[in-house]
Amino acid sequence: MDDDRDRMDEAADRVSPEALPFGVNELACRAVIALARERDESPRDVVRALFGLPAA
């Protein structure tokens, strides 16, 4: 656990705060795409299901 904290601190020193929103957005998009492929669904359908939205 301490090693993870050290790595997180090191990563935070290397990533600018301005870049974090892009990185989070990129990770979220990649996760949705991976989940859509796994489920054999469209990314739009996966996002709707994740957020509990009605089907289009």
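Only this structure's heavy atoms are used, side chains among them; waters, hydrogens and symmetry mates stay out. Here the structure is a predicted model, which means the values were calculated and not measured.
P54 and R48 get closest at one heavy-atom pair: O-NH1, 2.9 Å. Across S42 and A36, no two heavy atoms sit closer than the pair C-CB, 3.9 Å.
Under the salt bridge (Lys or Arg N to Asp or Glu O under 4.0 Å) criterion, E10 pairs with R14, sequence neighbours left out. Contacts of E26 classified as side chain to side chain contact (heavy atoms under 4.5 Å, CB included), with partners at least two apart in sequence or in another chain: F22, R30.
Transitive grouping of hydrophobic side chains (ILVMFWY, heavy atoms separated by less than 4.5 Å) brings V46 and L53 into a common cluster. At a threshold of 4.5 Å between side-chain heavy atoms, the hydrophobic network of Ile, Leu, Val, Met, Phe, Trp and Tyr places L35 and F51 in one connected group.
When the shell of 6.0 Å around CZ of R37 is examined, it contains 12 or fewer heavy atoms from other residues, nucleotides or ligands.
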